[in-house]
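Below, all heavy atoms of this structure are taken into account, side chains as well, without hydrogens, waters or symmetry copies. Convention: sequence-line order gives letters A, B, ...; per-chain numbering from 1.
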There are 2 protein chains.
Amino acid sequence: MSKYSGQTRLLAATDCIIFGFDGTSIKLLLIKRGLNPFKNKWSLMGGFIQTSESPEDAAVRILEECTGLKDVYMEQFMVFGKPDRDPVERTLSIAYFALIDIHKYENQLNDKYHAEWFLLNEMPDLIFDHSEIVKQAKKQLRYKAALHPILFELLPEKFTIPQLRTLYEGVYETEFDDRNFSRKLLSTNLLVKLNEKDKLSSRKGAFYYKLDKSHYENNFESFLHLIPTPEKFF
Amino acid sequence: MSKYSGQTRLLAATDCIIFGFDGTSIKLLLIKRGLNPFKNKWSLMGGFIQTSESPEDAAVRILEECTGLKDVYMEQFMVFGKPDRDPVERTLSIAYFALIDIHKYENQLNDKYHAEWFLLNEMPDLIFDHSEIVKQAKKQLRYKAALHPILFELLPEKFTIPQLRTLYEGVYETEFDDRNFSRKLLSTNLLVKLNEKDKLSSRKGAFYYKLDKSHYENNFESFLHLIPTPEKFF
DNA sequence: ACAAAAGTGTTCCGTTTACACCCATGC
DNA sequence: GCATGGGTGTAAACGGAACACTTTTGT
């Protein structure tokens with residue numbers, strides 16, 4: 001079949017905004033760009049979409065290359081396509097944000113990609129419009145997490161409620177009432193209590209919980225109300 | 001500056017899902033495709049992104065070409081990019097949904113594009129993956145409208161609360177308690193009551209309202225609760 | 001007078017919030 | 001024993017849902 005004539009073809013890339021949580025703060029994984037120009041400048045992890053790939057496929061591939069992880073929570077959130085956003089050549093960027101358990105991240109890949117975790121407020125300048133992309137991703141993360149239980153994806157299998165609260169407090173840069181937070185969370189029935197306590201961060205110790213997977217999957221679209229007046233944060 | 005070598009360039013198109021409301025039902029504007037192959041099959045309004053255009057620019061241009069309207073509510077909602085979605089040649093589709101006041105739509109453009117409004121449950125088969133795109137757009141419309149006051153964009157400047165309720169009922173294919181609906185709506189302070197009644201649809205007549213523009217813009221991101229258990233509808 | 005639709009008032013009930021208080025533990 | 005953080009109890013405030021009832025007006 002013949003092609004469409006007289007139209008411009010352009011490059012399409014996928015960029016991944018990779019969020020992690022180290023137990024205290026939200027972090028973002030950046031790499032040093034391997035291509036000229038701007039080689040060795042900080043950049044989001046990204047790559048061109050290949051002939052046989054959907055954008056989603058590309059995002060999955062890129063994420064695995066960079067972190068060693070598969071089956072990661074990932075969400076397409078916006079296309080960036082200003083004609084001059086990449087000075088080399090016109091390139092669309094299809095941006096995905098990903099949430100990973102930072103402890104599963106394979107450090108050895110570090111060498112290859114010169115990847116590093118950065119605190120959100122200590123990020124270096126990024127190439128192209130990547131800083132804008134990150135800004136949008138942070139906004140999208142807050143938005144989505146206010147409504148749906150996605151932040152669990154940043155935690156290990158077992159976690160305590162205080163850990164989870166610290167995570168939410170990191171994302172929204174505010175403090176939540178610990179007592180109400182834990183009760184709200186338990187009332188979602190998303191959590192299963194384990195017979196084990198984390199004794200590192202307090203004398204009394206906080207019980208570990210894990211996700212009730214089936215409940216989690218079935219209720220993923222239902223709205224949470226863990227954040228009072230969530231719109232305040234957008 | 002030299003180009004990126006060894007990468008595939010591809011076509012990128014913008015497709016617009018154009019919603020309208022005729023006072024009774026939600027409708028979607030479709031056109032007969034002008035290109036071969038599949039010429040004269042029903043399709044979303046779309047077009048290739050030009051060299052100087054961002055995807056957003058292209059969506060605005062295409063929408064104006066098709067409807068004669070500028071300054072329309074439009075939202076980028078998803079990229080469709082399976083390698084084989086267009087059998088002619090690989091094409092990314094960046095999908096936008098648009099909400100227009102159907103009465104402002106210029107019918108004379110009809111001839112040129114063979115555009116027609118369709119009820120959502122009376123749509124013809126569409127080319128490529130356009131039916132899937134429409135499905136996602138409907139979902140996105142319900143999602144967004146459950147949270148934010150976007151449906152006003154489908155109505156004329158002046159409207160009555162019963163009209164608005166019919167609109168919400170059309171979008172969610174259910175019925176809302178008229179008494180609670182009107183009180184909830186008024187409590188948002190988004191509306192300004194006019195000294196004029198619509199006497200066509202009832203003896204008593206319903207007051208016209210208009211949007212309080214500044215309040216609307218300032219509170220656009222705040223969450224509405226007009227829809228009981230919104231997650232039921234996704 | 002009556003019908004039909006708009007709109008108000010009222011009650012009930014679950015949720016959220018704020019905060020006092022109790023619990024478990026290591027030192 | 002006591003400091004520390006985890007966790008429960010509780011009362012007041014708020015907001016949504018349901019529905020009886022009032023209002024307006026054309027016929």
Could you name each residue pair satisfying salt bridge (Lys or Arg N to Asp or Glu O under 4.0 Å) that touches [range], not counting sequence neighbours?
range: residues 179-196 of chain A; answer: A:Lys158-A:Glu196, A:Asp177-A:Arg179
range: residues 19-30 of chain A; answer: A:Asp22-A:Lys27
range: residues 115-125 of chain B; answer: none

query: Starting at the 5' end of DNA chain C, which residue's closest nucleotide do you reach first, B:Lys193 or A:Arg183?
result: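 The residue mapped nearer the 5' terminus is B:Lys193.
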- request: Would you mind telling me which residue lines up with the more 5' stretch of DNA chain C, A:Lys197 or B:Ser201, judged by nearest nucleotide?
  value: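 Taking each residue's closest nucleotide, the earlier one in sequence belongs to B:Ser201.
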- request: Using side chain to side chain donor-acceptor pair (under 3.5 Å) as the criterion, list what pairs up with B:Ser182, not counting sequence neighbours.
  value: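 Residues passing side chain to side chain donor-acceptor pair (under 3.5 Å) with B:Ser182: none at all.
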field: Options D:dT24, C:dT8, D:dG16, nucleotide nearest the side-chain atoms of B:Arg179
entry: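 Out of D:dT24, C:dT8, D:dG16, the nucleotide with an atom closest to B:Arg179's side chain is C:dT8.
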field: Closest to side chain of A:Pro162, choosing from D:dG6, D:dT25, D:dT8
entry: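 Out of D:dG6, D:dT25, D:dT8, the nucleotide with an atom closest to A:Pro162's side chain is D:dG6.
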Could you state the atom-to-atom distance from [atom1] of [X] to [atom2] of [N] in whole Å?
X: B:Asn180; N: C:dT10; atom1: CG; atom2: P; answer: 15 Å
X: B:His225; N: C:dT16; atom1: NE2; atom2: P; answer: 11 Å
X: A:Leu186; N: C:dT15; atom1: CG; atom2: C1'; answer: 16 Å
X: B:Glu175; N: D:dA18; atom1: CD; atom2: C1'; answer: 15 Å
X: B:Asp178; N: D:dA17; atom1: CG; atom2: C1'; answer: 13 Å
X: A:Phe176; N: C:dA18; atom1: CZ; atom2: P; answer: 12 Å
X: A:Phe223; N: C:dT16; atom1: CZ; atom2: C1'; answer: 19 Å
X: B:Lys199; N: C:dG7; atom1: NZ; atom2: P; answer: 12 Å

- request: Remember a base hit wins even if backbone is also touched, and classify B:Ser187 as base, sugar-phosphate or nothing at under 4.0 Å, heavy atoms.
  value: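 Result for B:Ser187 = nothing.
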- request: Check every strand shown and say whether B:Asp177 touches a base, only sugar-phosphate, or nothing at a heavy-atom separation below 4.0 Å.
  value: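 Touches a base.
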- prompt: Under the salt bridge (charged side-chain N to carboxylate O under 4.0 Å, His left out) criterion, do B:Lys213 and B:Glu217 qualify, and how do the steps go?
  reply: CA-CA 6 Å; B:Lys213 282 286 180 199; B:Glu217 279 151 26; 5.7 Å; no
field: Residue pairs fulfilling ring pair (Phe, Tyr, Trp, His ring centres under 6.0 Å) with at least one residue in residues 178-200 of chain B, sequence neighbours excluded
entry: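 Listed by first then second residue: B:Tyr168-B:Phe181.
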message: Please confirm whether the ring centroid of B:Tyr73 lies under 6.0 Å from the ring centroid of B:Phe152.
response: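 No, ring centres 6.0 Å or more apart.
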query: OP1, OP2 of D:dG16 versus side-chain N and O of B:Lys184: anything below 4.0 Å?
result: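 Looking at the OP1 and OP2 atoms of D:dG16, neither is under 4.0 Å from any side-chain N or O of B:Lys184.
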- prompt: Which parts of residues 202-212 of chain B get close to DNA chain C, meaning a heavy atom less than 4.0 angstrom away?
  reply: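 Here the set is B:Ser202, B:Arg203, B:Lys204, B:Gly205, B:Ala206, B:Phe207.
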